[in-house]
Protein chains: 2
Amino acid sequence: MTAPPSDIAGGLDPLIHESSRLVIVSVLTECQVADFNFLLGTTGLTRGNLSTHMARLVSAGYVEETKEFVDRKPHTEYRLTAAGRAAFKRYRQAWARLTGRA
Amino acid sequence: MTAPPSDIAGGLDPLIHESSRLVIVSVLTECQVADFNFLLGTTGLTRGNLSTHMARLVSAGYVEETKEFVDRKPHTEYRLTAAGRAAFKRYRQAWARLTGRA
DNA sequence: TAAACTAGTTTGTGTGGCAAACAGCGTGAC
DNA sequence: GTCACGCTGTTTGCCACACAAACTAGTTTA
């Protein structure tokens, strides 16, 4: 049995599916923790974009951020929450089912 | 060796990555041929959306459309082109690499 | 002939991704 | 001290695009 038609792409959580955020979440899955500059380098995004994408992921509860001062300079670290990991897992399953690599 | 940073998500052809079109392309991969109404049912899209998505895929050269009259009514069929199949293959590889399921 | 149906297409609107401009803070030159 | 510059992010303005509603073109039913 398959999902109702209207729901076929519904499993693809759009928050994760968007390319930039997919990169971010994949990186965070491997790294456990990553700071802003590291993500800046690995994703190739501009500061502005990275900032807004992170804000979205945080407000969705997928990512947790810790802001502190290091060497008297601001420093932000991100890590996936349990919800974020679960959402990513569901996303990958949905994608695989959808594209026939189930 | 990995792709240059700015290009990390670049392998995810946005034309295919968008959820609705990902469904469409996946369906066409399995079906070889599908008509408008069939896609309407399997994707759960509205006529308008399906129409514009198909137009995009056609103008990108990923899908080929044949329009004819059946029982005096218009009837449109779609099938993937070789380019479309190749693009989908690349997309799946890029996605797998990206999400660490390489 | 008029209403209703089928098969799509075009149009209008809102969301959201993107880069550029901006802001806050610290450090060094003068 | 204050002015310029760099570092770390945030806010703003624009543009593309996904979505649904309105529309077109032709057919069947009454």
Side-chain angles (χ1 to χ4, degrees), chain A residues 5-25 27-28 33-60 62-79 98, chain B residues 5-26 28 33-60 62-79 98:
Chain A
S6 59
D7 197 42
I8 284 225
L12 286 185
D13 185 340
L15 213 75
I16 293 184
H17 187 61
E18 196 281 321
S19 328
S20 305
R21 289 191 297 263
L22 185 55
V23 174
I24 293 168
V25 171
V27 168
L28 286 178
V33 181
D35 63 19
F36 192 89
N37 278 324
F38 178 75
L39 288 175
L40 208 54
T42 52
T43 62
L45 293 169
T46 62
R47 294 175 197 284
N49 289 341
L50 182 56
S51 178
T52 52
H53 284 308
M54 294 320 292
R56 263 166 184 273
L57 290 170
V58 167
S59 84
Y62 288 176
V63 168
E64 178 184 44
E65 70 182 355
T66 50
K67 290 178 174 294
E68 55 181 357
F69 278 80
V70 174
D71 288 340
R72 333 197 68 225
K73 285 179 285 189
H75 184 248
T76 310
E77 279 183 349
Y78 302 96
R79 71 199 71 207
L98 193 65
Chain B
S6 60
D7 198 42
I8 285 225
L12 286 185
D13 184 342
L15 212 75
I16 293 184
H17 188 61
E18 195 280 322
S19 328
S20 305
R21 288 191 297 262
L22 185 55
V23 174
I24 293 168
V25 171
S26 295
L28 286 179
V33 181
D35 65 19
F36 193 89
N37 279 324
F38 179 75
L39 288 175
L40 208 56
T42 52
T43 62
L45 293 169
T46 62
R47 294 175 199 282
N49 289 342
L50 182 55
S51 178
T52 52
H53 284 308
M54 294 319 293
R56 264 169 181 274
L57 290 170
V58 167
S59 84
Y62 288 177
V63 168
E64 178 183 42
E65 72 183 353
T66 48
K67 289 179 175 296
E68 54 182 356
F69 279 81
V70 175
D71 287 342
R72 330 198 67 223
K73 285 179 285 188
H75 184 249
T76 310
E77 281 184 346
Y78 302 96
R79 72 198 71 208
L98 193 67

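Here is how names work: the chains are called A, B, and so on, in the same order as the sequence lines, proteins then strands, and each is numbered from 1. As the structure is a computational prediction, the values presented were derived from the model and not from experiment.
- Inter-residue side-chain proximity for A:H53 and A:T43 is flagged as unmet; no heavy-atom pair is nearer than 4.5 Å.
- Remark on DNA chain C: of its neighbouring residues A:H53 and B:T52, the 5'-side contact belongs to B:T52, judged by nearest-heavy-atom nucleotide.
- Scanning both residues, B:T66 and B:R79, for their nearest heavy atoms gives OG1-NH2, 4.1 Å.
- In this model, the phosphate group of D:dC19 is approached by a side-chain N or O of B:S20 to a distance below 4.0 Å at OP1 or OP2.
- The interatomic distance linking B:E68 (CD) with D:dG26 (P) rounds to 17 Å, in whole Å.
- Distances shorter than 4.0 Å separate some side-chain N or O of A:T76 from OP1 or OP2 on D:dG9.
- Between the CG atom of A:L50 and the P atom of C:dG17 there is a distance of 13 Å, given to the nearest Å.
- Across the protein-nucleic acid pair, B:L45 atom CG and C:dA7 atom P stand 17 Å apart, rounded to whole Å.
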Using the side chain to side chain contact (heavy atoms under 4.5 Å, CB included) rule, take A:E65 and A:M54 through it: C-alpha gap first, then chi angles, then the decisive distance, then the call. CA-CA 9 Å; A:E65 70 182 355; A:M54 294 320 292; 5.6 Å; no
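- Across the protein-nucleic acid pair, B:F69 atom CZ and D:dA25 atom P stand 12 Å apart, rounded to whole Å.
- Comparing C:dA19, C:dT9, D:dA20 by their closest approach to the side chain of B:R47 singles out C:dT9.
- Distance, B:D13 CG to D:dC17 C1': 15 Å, rounded to whole Å.
- Summarising the geometry, the separation between CG on A:L39 and P on D:dT8 is reported as 13 Å, rounded to the nearest angstrom.
- OP1 or OP2 of C:dG16 sits under 4.0 Å from a side-chain N or O of A:R56.
- Across every non-hydrogen atom of B:I24 and B:L50, the tightest pair is CD1-CD1, 3.9 Å.
- In this structure, B:H75 does not reach the C:dT6 phosphate: none of its side-chain N or O atoms is under 4.0 Å from OP1 or OP2.
- In this entry the distance linking CG of A:D71 with P of D:dG9 reads 13 Å, nearest Å.
- OP1 or OP2 of C:dA7 has at least one side-chain nitrogen or oxygen of B:N37 nearer than 4.0 Å.
- Distances shown here put every side-chain N or O of A:N49 at or beyond 4.0 Å from the OP1 or OP2 atom of C:dG17.
- Nearest nucleotide to the side chain of A:K73, out of D:dC7, D:dA18, D:dG9: D:dC7.
- Classified by interplanar angle (parallel below 30°, tilted 30° to 60°, perpendicular above 60°), the ring pair A:H17/B:H17 is parallel.
- When the C1' atom of C:dT6 is taken as reference, atom CZ of B:F36 falls 11 Å away, rounded to whole Å.
- Closest-nucleotide positions on DNA chain D for B:R72 and A:S51 were compared, and the one nearer the 5' end corresponds to A:S51.
- Dashed line: the shortest gap from a side-chain N or O of A:K67 to OP1 or OP2 of C:dC25 is not under 4.0 Å.
- Distances shown here put every side-chain N or O of B:R21 at or beyond 4.0 Å from the OP1 or OP2 atom of D:dC17.
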